[in-house]
Amino acid sequence: MTDPLVIIGTGLGGYNVAREFRKLDTDTPVTLITADDGRSYSKPMLSAAFEKRKDASSLAMATPEGMATQLNAGVRTHTEVTALDPAGRRVLIGDEAVPYSGLVLAWGAQVLRAPLGGDAADTVLSVNDLEDYGLFRERLQGKRRVLIMGTGLIGCEFASDLTHAGFEVTLVAPDQHLLQLLVPETAGRLLQKALQAEGVKIHLGPLVQGVDRAADGSLLVQLDNDTQLETDLVVSAIGLRPRIALAEAAGLRTGRGILTDQALQTSEEHIYAMGDCAEVCGHSLQYILPLMAAARALAKTLAGTPTAVHYPAMPVTVKTPACPVVSMPAPRGVEGEWMIEHARTDLRGEFRDDEGVLRGFVLCGERTKERFALAKEVPDLLPAT
Ligand code: FAD
């Protein structure tokens with residue numbers, strides 16, 4: 001019997017590759033392996049679900065059994081792959097070896113953890129999957145105040161969502177402005193004003209050093225500028241790092257993520273990587289649109305037609321209704337200049353390189369409507385071949 005196509009991970013990456021593959025090949029056995037409970041869900045909903053009063057089970061779109069039937073595949077849940085053996089074409093789960101004909105690494109990114117002092121540092125939560133979200137909701141039962149570390153997309157979205165759901169939110173980051181890795185300062189300031197007008201308290205500049213428990217059960221958060229803030233729960237949203245350790249240990253080439261060529265193949269034959277763990281021709285993009293493009297291209301390759309992924313300009317939307325933001329950052333290393341037009345609540349910023357070519361942009365408020373027209377003008381990140 002043919003060894004199965006093995007996919008590690010049942011996030012949007014893993015399940016979408018399997019779904020696209022099944023459109024092209026109904027026969028090859030497919031096994032998905034996941035460390036979590038295997039429920040299918042849309043991760044971007046995690047930071048927009050409090051206001052909609054959705055708990056973890058109502059965000060789940062299908063059980064692992066339902067997915068197994070839909071995909072005509074095996075789905076192994078709560079199973080952590082512990083090593084790869086490219087020479088033997090096997091993955092290892094402790095002592096058990098699972099052979100594969102092709103292997104897809106779709107095992108995502110892990111949350112960064114700040115080294116924190118204090119006797120309540122272990123209560124700090126991160127929300128990077130459905131199970132984390134379930135715990136987050138549980139811990140917030142009967143609570144009023146949340147402090148969020150990190151002012152990137154995830155921190156700002158949680159701040160907006162929790163505020164709309166009636167919580168008192170404080171954002172803290174050592175950055176100069178909100179969304180520092182995604183937008184220029186003027187856009188970050190516009191979002192800051194909009195969130196502050198909704199009641200979010202924002203501390204930019206200091207680092208969180210420690211979290212202690214007060215006598216009344218609340219938490220005391222120590223900042224490195226001698227400030228102490230009181231809250232009921234601390235959430236860390238300081239960033240994600242592609243999971244590369246097992247790949248590196250097996251000799252695959254890695255950089256920021258697991259390095260692949262434009263066909264998503266790693267430095268090992270028969271092993272592919274996609275989604276948050278992959279760095280595709282130098283692009284490490286932890287968003288949905290690149291992942292969907294990768295799933296479609298990789299499915300064709302796995303079904304026998306080698307196919308390069310096409311990355312057009314793929315802007316990302318920040319779900320902060322008080323000041324919606326669309327950002328298309330220029331690729332790393334591109335030199336150029338921002339040109340920004342803005343009014344009280346709206347903004348359009350264009351990032352043009354030294355030849356005057358539009359390489360990135362940011363839109364806020366009403367001007368987010370211009371995203372499709374602008375995206376068309378930006379050259380493809382990875383052209384169709
Ligand atoms: P994941 O969903 O992380 O899946 C990884 C899978 O691998 C899991 O099943 C895990 O259990 C499994 N796994 C890991 N290690 C092992 C192992 N050793 N053995 C077995 N299984 C393993 N992007 C957007 O474009 N727009 C948005 O609005 C947006 N909002 C977001 C909001 C939040 C709160 C977060 C956290 C992210 C958001 N993103 C957004 C990013 C987007 O959701 C991710 O890029 C995408 O979901 C990543 O999918 P993935 O399948 O690569 O990884």
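Atoms within a ligand are numbered from 1 in the order they appear, just like the ligands themselves.
Between E20 and R296 there is no salt bridge, since no side-chain nitrogen of the basic residue lies less than 4.0 Å from a carboxylate oxygen of the acidic one. The existence of a salt bridge linking D353 and R359 is confirmed by a sub-4.0 Å separation between a basic side-chain nitrogen and an acidic carboxylate oxygen. Checked for salt-bridge contact, E230 and R145 meet the test: a charged N lies under 4.0 Å from a carboxylate O. Ion pair R367/E341 flagged as a salt bridge, since at least one NZ, NE, NH1 or NH2 atom sits closer than 4.0 Å to an Asp/Glu carboxylate oxygen. Between E51 and R53, none of the side-chain N atoms (NZ, or NE/NH1/NH2) sits under 4.0 Å from a carboxylate O, so this pair counts as no salt bridge. Between E168 and R144, at least one side-chain nitrogen of the basic residue sits less than 4.0 Å from a carboxylate oxygen of the acidic one, meeting the salt-bridge criterion.
At a threshold of 4.5 Å between non-hydrogen side-chain atoms, the residues L12 and P44 count as touching. The side-chain heavy atoms of I148 and V169, taken from C-beta on, include a pair separated by under 4.5 Å. Residues V325 and L347 fail the side-chain proximity criterion, which asks for heavy atoms closer than 4.5 Å. Contact of the P242 side chain with the S284 side chain is registered, since non-hydrogen atoms from C-beta on lie closer than 4.5 Å.
When all heavy atoms of V91 and V81 are compared, the pair lying nearest together is CB-CG1, 4.2 Å.
Ligand 1 has no N or O atom lying under 3.5 Å from any N or O atom of E80, backbone or side chain. Of the polar atoms of S47, none of the N or O atoms is found under 3.5 Å from an N or O of ligand 1, judged by distance alone. In terms of polar-atom proximity, defined here as any N/O pair under 3.5 Å, L246 makes no such contact with ligand 1. Considering backbone and side-chain atoms together, I288 places an N or O closer than 3.5 Å to an N or O of ligand 1. Residue contacts with ligand 1: L291 is placed with no nitrogen or oxygen under 3.5 Å of a nitrogen or oxygen of the ligand (distance criterion only). Where the criterion is an N or O separation shorter than 3.5 Å, residue side chain and backbone included, G13 meets it with respect to ligand 1.
Near K319, meaning under 4.0 Å from one of its heavy atoms, ligand 1 places the atoms 27 (C), 28 (O), 29 (C), 30 (N). Counting atoms of ligand 1 from 1 in the listed order, those under 4.0 Å from a heavy atom of G275 are 52 (O). Below 4.0 Å from some heavy atom of T10 lie the following atoms of ligand 1, by number and element: 6 (C), 9 (O). Here is the list of ligand 1 atoms found below 4.0 Å of a heavy atom in G11: 2 (O), 4 (O), 9 (O), 51 (O). The distance from ligand 1 to the heavy atoms of I8 drops below 4.0 Å at these ligand atoms: 19 (N), 20 (C), 21 (N).
Among Y41, W107, Y15, the residue whose heavy atom lies closest to atom 16 (C) of ligand 1 is W107. Remark: among candidates L12, N16, L130, T34, the nearest residue to atom 9 (O) of ligand 1 is T34, based on non-hydrogen atoms. Taking all heavy atoms of L84, L32, N128, I154 into account, the minimum distance to atom 35 (C) of ligand 1 is reached by I154. Compare T79, L105, L153 by their heavy atoms: the one nearest to atom 20 (C) of ligand 1 is in T79. In this structure, of S42, G38, G108, the residue bringing a heavy atom nearest to atom 53 (O) of ligand 1 is G108.
Looking only at heavy atoms of the protein, atom 31 (C) of ligand 1 is closest to P44 CA, 3.7 Å. Taking atom 52 (O) of ligand 1 as the reference point, the nearest protein heavy-atom neighbour is D276 N, 2.9 Å. With hydrogens left out, the protein atom closest to atom 21 (N) of ligand 1 is A35 N, 3.0 Å, a heavy atom. Protein heavy atom closest to atom 1 (P) of ligand 1, with residue, atom name and distance, is K43 NZ, 3.6 Å. Here the protein heavy atom with the shortest distance to atom 41 (C) of ligand 1 is Q286 O, 3.5 Å. Among protein heavy atoms, the minimum distance from atom 8 (C) of ligand 1 is reached at D36 OD2, 3.4 Å. Scanning the protein for heavy atoms near atom 17 (C) of ligand 1, the closest one is V81 N, 3.8 Å. Remark: minimum distance from atom 12 (C) of ligand 1 to any protein heavy atom is reached at G9 CA, 3.8 Å.
Contact annotation: for A106 versus ligand 1, heavy atoms closer than 4.0 Å belong to the backbone alone. Within the 4.0 Å heavy-atom criterion, neither part of D129 lies near ligand 1.
Here Y133 and Y41 keep their ring centres 6.0 angstrom or further from each other. Here F158 and F50 keep their ring centres 6.0 angstrom or further from each other.
For the pairing with E350, the side chain to side chain contact (heavy atoms under 4.5 Å, CB included) check across I340, L363, V362, L374 returns one residue only, L374.
D85 places no side-chain N or O within donor-acceptor distance of the main-chain N or O of R89, the cut-off being under 3.5 Å.
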